[in-house]
Amino acid sequence: MSAIPATADELAAGLRDAGYLPGDSTALVSFLAARLGKPVLVEGPAGVGKTELAKALSRSLDRRLVRLQCYEGLDEAKALYEWNYRKQLLRIQAEAEGTGWDAVQDDIFGEEFLLSRPLLQAIAAEEPVVLLIDEIDKTDQEFEAMLLELLSDFQITIPELGRIEARTHPIVLLTSNNTRELTEALKRRCLYLWLDYPSTERELEIVRLHAPDLPETVAAKLVQVIAQVRELDLKKPPSIAESIDWARALLLLGADDISQDVFRDTMSIIVKHRTDLDTVADRVGVRLGSPAAR
Ligand SMILES: Nc1ncnc2c1ncn2[C@@H]1O[C@H](COP(=O)(O)OP(=O)(O)O)[C@@H](O)[C@H]1O
Ligand SMILES: [Mg+2]
């Protein structure tokens, strides 16, 4: 495990070494979060590097990543802890007949019978971890309320066992694709980072990082085309993930230019709605020009 960097620039350099190219505000907010011990809420469209930021932080700080993937209906038993009923039952059966309830109870509500889920694991870890609570907007408000307690006190109370306080302070990232408004109470406790589509310069850098063998001219044209496509009013604009996929596909196909033909054949990699495909073919495909016209 390495120490938290002394400056935001140092943290940015660490992220780059870990294969993540952060914008200025990303580096600054991550730095403040690590230093102040505050959780960060990272919001933005899908595929702009929210999840990857947490992974890269864990790599660059050499801390274990503990990930809680949220989904509709996620409850405490899957997020915090639950009792291992089967093991408890086996123990009860193994107890000598005539053992009093008190003795049995003392036995079966010990740590040995606890199944710890990501939030408890992060709290109980001996070494500080990076805790990623991914896609929090998929859960409901009750779950958010439960999280609030954890995020403000860094402790969990288990009725049968008592209070478990954090031994070490995790760096906490919550991500949201913005599908619902999160509560003010949650936002108050967090630093806020809005991640958007990157500038063409940074996206070029990211694409080159993930597909280093793609000719520079093709990569440059790719990010320009992607930027044009994002300007259209689409159901689902292409994200960085799609830019990277497209770059890898073009590399595999040995494309040395993005001509109209190449674009038509591969655009389904970056646009994935029937109506979007039509819009993009009309507005961008035509602009690239036919091979004969070049
Ligand atoms: N700043 C960045 N530097 C390097 N790779 C990035 C960056 N932003 C996004 N990526 C890449 O884009 C892809 C999508 O990122 P991801 O974190 O899964 O998006 P999100 O969680 O926002 O939906 C990943 O493969 C990731 O490696
Ligand atoms: Mg994600």
Side-chain angles (χ1 to χ4, degrees), residues 5 8-31 33-34 39-61 65-72 74 79 118 130-139 171-180 182 190-214 219-220 222-223 225-227 229-230 234-252 269-273:
D9 283 347
E10 212 182 289
L11 184 136
L15 284 175
R16 285 176 168 270
D17 287 345
Y20 189 87
L21 308 177
D24 290 344
S25 56
T26 305
L28 182 66
V29 175
S30 307
F31 169 72
V40 194
L41 172 61
V42 190
E43 259 186 328
V48 292
K50 300 184 295 296
T51 303
E52 189 59 30
L53 173 60
K55 293 184 185 171
L57 274 173
S58 105
R59 289 197 297 273
S60 76
L61 299 172
L65 179 75
V66 177
R67 178 176 184 170
L68 175 66
Q69 176 63 52
C70 299
Y71 51 87
E72 221 185 297
L74 174 65
V130 173
L131 171 62
L132 166 63
I133 301 173
D134 213 13
E135 307 189 356
I136 174 76
D137 52 329
K138 290 203 176 136
T139 64
I171 293 177
V172 185
L173 269 85
L174 300 102
T175 78
S176 159
N177 288 338
N178 220 2
T179 57
R180 74 170 171 87
L182 301 172
C190 298
L191 300 177
Y192 187 74
L193 175 64
W194 173 260
L195 270 193
D196 213 334
Y197 302 116
S199 64
T200 46
E201 293 80 38
R202 203 157 56 80
E203 186 149 22
L204 179 58
E205 245 193 299
I206 295 173
V207 165
R208 305 263 302 149
L209 180 76
H210 287 269
D213 295 332
L214 187 69
L222 179 151
V223 295
V225 173
I226 288 278
V229 173
R230 279 187 197 138
L234 300 183
K235 266 200 186 129
K236 168 75 180 70
S239 70
I240 300 178
E242 269 107 19
S243 298
I244 295 171
D245 283 346
W246 197 23
R248 288 183 175 147
L250 292 175
L251 182 63
L252 203 64
I269 297 172
I270 57 169
V271 189
K272 295 164 183 170
H273 277 280

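As the structure is a prediction and not an experimental result, all values here were calculated from the model. As the structure lists them, so they are numbered: ligands from 1, and atoms in each ligand from 1. Just so it is clear, the values below take in all heavy atoms, side chains as well, and ignore hydrogens, waters and symmetry mates.
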### Query
Against heavy atoms of Gly47, which atoms of ligand 1 measure under 4.0 Å?
19 (O), 20 (P), 22 (O), 23 (O)
### For Glu52, atoms of ligand 1 separated by under 4.0 Å from a heavy atom
17 (O), 26 (C), 27 (O)
### Message
For a 4.5 angstrom cut-off between non-hydrogen side-chain atoms, does Ile226 reach Tyr197?
### Response
no
### Query
Any N or O on Leu21 sitting closer than 3.5 Å to an N or O of ligand 1?
yes
### Task
Taking Asp137 for its side chain and Ser176 for its backbone only, find out whether a donor-acceptor pair lies under 3.5 Å.
no
### Message
Counting only nitrogen or oxygen atoms and a 3.5 angstrom limit, does Pro22 reach ligand 1?
### Response
no
#### Entry: Shortest non-hydrogen contact from Val207 toward Ser243
CG2-CB, 4.0 Å
### Task
Ignoring hydrogens, just give me the one of Thr51, Ile240, Val207 whose non-hydrogen atom is nearest atom 21 (O) of ligand 1.
Thr51
## Note on the structure
ligand 1 to Ala46, heavy atom cutoff 4.0 Å, flagged ligand atoms 23 (O)
### Query
Below 3.5 angstrom, do we get any N/O pair linking Gly49 and ligand 1?
yes
### Message
Under 4.0 Å, heavy-atom basis, I'd like to know which part of Ile206 is in contact with ligand 1: side chain, backbone, both or neither.
### Response
side chain
### Task
Find all atoms of ligand 1 within a distance of less than 4.0 Å from any non-hydrogen atom belonging to Arg202, and give their numbers and elements.
1 (N)
### Query
Checking Arg230 side chain against Pro238 main chain: does a donor-acceptor pair fall under 3.5 Å?
yes
### Task
Keeping the roles fixed (side chain from Arg208, backbone from Leu214), state whether a donor-acceptor pair exists under 3.5 Å.
yes
### Side chain Arg67, main chain Asp134, donor-acceptor under 3.5 Å
no
### Task
Check the pair Val48 / Asp196 against side chain to side chain contact (heavy atoms under 4.5 Å, CB included), numbers first and verdict last.
CA-CA 6 Å; Val48 292; Asp196 213 334; 5.5 Å; no
### Message
Under 4.0 Å, heavy-atom basis, I'd like to know which part of Thr175 is in contact with ligand 1: side chain, backbone, both or neither.
### Response
neither
### Message
When you measure from atom 24 (C) of ligand 1 to the protein, is at least one non-hydrogen atom found at a distance under 4.0 Å?
### Response
no
### Query
Quick check: does Asn177 have an N/O/S atom under 2.8 Å of the Mg ion (ligand 2)?
no
### Task
Just need the protein heavy atom nearest to atom 14 (C) of ligand 1, so name the residue and atom and give the distance.
Ala241 CB, 3.8 Å
### Query
Looking at Leu174, Asn177, Leu193, Leu173, which hits side chain to side chain contact (heavy atoms under 4.5 Å, CB included) with Lys50?
Asn177
### Distance-only polar pair, side chains of Ser239 and Glu242, donor-acceptor under 3.5 Å
yes
### Summary
Quick note on ligand 1: atoms under 4.0 Å from a heavy atom of Ile244 include exactly 11 (C), 12 (O)
### Ligand-side contact atoms (ligand 1) for residue partner Gly19, heavy atom cut-off under 4.0 Å
4 (C)
### Query
Is the closest heavy atom of His210 to ligand 1 under 4.0 Å?
yes
#### Entry: Step-by-step side chain to side chain contact (heavy atoms under 4.5 Å, CB included) determination, Arg180 to Thr139
CA-CA 10 Å; Arg180 74 170 171 87; Thr139 64; 3.8 Å; yes
